[in-house]
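Notes for the one structure printed next.
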Amino acid sequence: MPPRIACQMKMRFKLEVLLLCLTAVAVTGCGHRLAVAQAKTPSAHIVPIPQSMAVASGELRISAAAVDADADAANAGRALDELLTSLSIGGKGPAATPIRLQLINDPALGEEGYRLVVDDAIDLSAQTDTGLLHAVQSLRQLLPVKPQADYRLPRVVITDVPAYRWRGISLDVARSFLPVEYLEKHIDRMALFKLNRLHLHLTDDQGWRIEIKRYPKLVEIGGASAVKGGRAGYYTQAELKRLVAYAQARGVTIVPEIDMPGHVQAALASYNELACEDVSNLSAYSGVEVGFSVFCLKKPEVVYPFVRNVLEEVAAIFPSAEIHIGGDEIKHPLYADFIARTAAMVDAMGRTAIVWEEGSVAEMKPNVLLQLWNDGYAIDAAVAKGHRLILSPCSYLYIDHGNYKGQPGADWCRGDGVPLKRVYSFDPAPFKSAVGIEAALWTEYVHSDAAADDRLWPRLAAVAELAWSPAGQRGYAGFVQRMGALRPQLDAMGIHYHAEPDLDWADAKDAH
């Protein structure tokens, strides 16, 4: 390890120890002089923990700002302006603090890395607008959420680069619909924690949520159904295009999924010809069982034109480099052929296919991504062929499961639930071919915005730290201390988060 990096890691470790000591001062007696020293220096609570963070003594006080923003950093400039406006930090007066938002040439920062320096001024720099967006989010976490007469910031030097390029959450909007307004709020929350992939599971047995103009009955029939107790609905193409733009402006890429050739009852109910002639169940479905529906793969002249037409309209809506074609929980003699042919269609459209792990049995180009959801699935042979992985092992990252053992809802993967500490304990290191980490929220039992919030937060912040921060920087005790301090940020965003006892949030039960 280079001496400079080793020094930075030691400094970061000392900071974590100092903060933990202060948290426990009443119990452990870290000392009065230490508490007084901390009172003079504002705390630096950032999630995900940066790659390198050095905090100096003293502080910067700011009540007004003189912003100098690079014109090519439009999204970061907007985010900074929104932050300063929300805190009533104006731009007038001789005492205005310089805030510089600059694009620089530094290959070490990559596409998403940034530097944030708070001294006598505030300097945010990155190679890209996206990197600067992340810098603004770190600055946001250093500041309070409510306007004050002035603000105290720690003097800090941060250099930060993500460990993985894919840091995501999959939202199942097919079983129970989530409105556009909620998705926009969710994207803002993702951005605060530097998550950059929103995977929308748009179709399943219980509903079809995306308008396909060539097949209007998909939303007329499939959009009108939902899991029992859940919400029906669908997104128009115009709504989705606006949502894509909203996400892009916040550094988030929306990845669409059309789940095939199984999980297709909503499609079969809409267009009966996609089913085989001996299939009698052609009705909309509201149950929770899976594995019973499948396209009639013995009718390629019907199925493949439908698949191609749907994917072409999907590709026209979503500019993401990847399109997810599903492929989970289905056994059929023609399954591997379907996956290979559909992945080739996506490739011909200039995109990369993503397939759930079972699709690894198909012969596909090695650039096809495999999403690993069964903890013990034998994936080595597929990795040897060159396939990269998105890591979503269900016993760690399926956060439709309870925050604690016994919380009503899904428990099929892990009966003890998936508590915050378990989420944070996931170790991606053994998966050398991984491009990133993605949690999943399935909605068989999640039927409202508030219920979604309860399952997502604060566990999704732990996922963000796993995907962004180097293993040597992470530690659950430090995460708990930093995340606990960021509770006002979640409150300000209106999140109905789980009353997580590890974070001392038990009093949230009345309000949330």
Side-chain angles (χ1 to χ4, degrees), residues 163-170 172 197 199 201 204-205 255 257-264 289-295 297 322-344 346-347 352-401 410-418 422-442 463 466-467 471:
Y164 291 101
R165 69 173 178 87
W166 192 288
R167 306 177 305 280
I169 172 67
S170 171
D172 170 17
R197 293 293 191 280
H199 165 185
H201 184 79
D204 212 296
D205 288 317
V255 180
E257 179 188 355
I258 307 297
D259 201 356
M260 306 174 285
H263 288 263
V264 292
E289 299 301 320
V290 296
F292 64 91
S293 65
V294 63
F295 287 150
L297 302 183
E322 299 86 11
I323 294 177
H324 205 308
I325 59 174
D328 60 321
E329 297 180 309
I330 184 71
K331 292 183 179 181
H332 191 284
L334 296 175
Y335 166 75
D337 180 61
F338 175 88
I339 295 297
R341 291 178 66 167
T342 305
V346 173
D347 184 73
T352 298
I354 306 172
V355 189
W356 294 105
E357 63 197 25
E358 298 96 318
S360 60
V361 299
E363 289 298 322
M364 302 175 289
K365 285 187 174 181
N367 69 325
V368 172
L369 296 171
L370 300 175
Q371 189 159 2
L372 186 67
W373 64 278
N374 273 301
D375 292 45
Y377 192 85
I379 202 68
D380 289 353
V383 170
K385 294 179 181 179
H387 293 293
R388 308 292 300 275
L389 303 178
I390 299 169
L391 303 177
S392 304
C394 63
S395 79
Y396 291 93
L397 298 177
Y398 270 27
I399 54 178
D400 55 312
H401 283 55
D411 62 1
W412 60 267
C413 180
R414 191 170 189 271
D416 289 341
V418 183
R422 180 168 178 84
V423 173
Y424 198 88
S425 72
F426 175 61
D427 181 12
F431 301 93
K432 304 300 182 185
S433 66
V435 300
I437 298 171
E438 181 177 293
L441 180 72
W442 305 101
V463 175
L466 290 174

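All values below were derived from every heavy atom in this structure, side-chain atoms included, with hydrogens, water molecules and symmetry-related copies excluded.
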Give a yes or no on this: more than 12 heavy atoms of other residues, nucleotides or ligands lie within 6.0 Å of atom CD of Glu363.
no

Between Ile169 and Ile399, does a side chain to side chain contact (heavy atoms under 4.5 Å, CB included) hold up when you go through it step by step?
CA-CA 10 Å; Ile169 172 67; Ile399 54 178; 4.2 Å; yes

Taking every non-hydrogen atom, the tightest pair across Tyr335 and Gly327:
OH-O, 2.5 Å

Please report the C-alpha distance between Glu358 and Ile330 in whole Å, then the side-chain angles of each, then the deciding distance to 0.1 Å, and finally whether the side chain to side chain contact (heavy atoms under 4.5 Å, CB included) criterion is met.
CA-CA 8 Å; Glu358 298 96 318; Ile330 184 71; over 6 Å; no

Is any side-chain heavy atom of Leu297 closer than 4.5 Å to a side-chain heavy atom of Asp337?
no

Could you measure the distance from the CZ atom of Arg422 to the CZ atom of Arg414? Nearest 0.5 Å is fine.
4.0 Å

Calculate, to the nearest 0.5 Å, the distance between atoms CD and OG1 belonging to Glu322 and Thr352 respectively.
5.5 Å

Tightest non-hydrogen contact, residues Tyr396 and Val418, listed as O-CG1, 3.2 Å

Determine the minimum heavy-atom distance between Ala382 and Leu370, stating which atoms define it.
CB-CD1, 3.5 Å

Please check if the side chain of His387 supplies one atom and the backbone of Val368 the other of a donor-acceptor pair under 3.5 Å.
yes

Considering all heavy atoms of both residues, which atom of Ser360 and which atom of Tyr377 are nearest to each other, and what is their separation?
OG-OH, 3.5 Å

Hey, does Trp356 have a side-chain heavy atom less than 4.5 Å from the side chain of Glu257?
yes

Side-chain donor/acceptor of Asp375 to backbone N/O of Ser395, under 3.5 Å
yes

Got Phe292 and Asp205 here, is their nearest side-chain heavy-atom distance under 4.5 Å?
yes

Using side chain to side chain contact (heavy atoms under 4.5 Å, CB included) as the criterion, list what pairs up with Ile390, not counting sequence neighbours.
Trp166, Ile354, Leu369, Gln371, Ser392, Val435, Glu438

Could you give the distance from CE (Met364) to CD1 (Ile325), rounded to the nearest 0.5 Å?
7.5 Å

Rounded to the nearest 0.5 Å, what separation is found between the NE2 atom of His201 and the CG atom of Asp259?
4.5 Å

Do Leu397 and Val423 touch side chain to side chain, with heavy atoms closer than 4.5 Å?
yes

Taking all atoms of both residues into account, what is the closest heavy-atom pair of Pro428 and Leu391, and its distance?
CB-CD1, 3.8 Å

Tightest non-hydrogen contact, residues Ile339 and Pro261, listed as CD1-CD, 4.4 Å

Taken to the nearest 0.5 Å, the spacing of Lys385 NZ from Ile379 CD1 works out to 10.0 Å

Spacing of CZ belonging to Phe295 relative to CG belonging to Leu334, to within rounding of 0.5 Å:
14.0 Å

Angle between ring planes, Trp373 versus Trp412, binned at 30° and 60°: parallel, tilted or perpendicular?
perpendicular

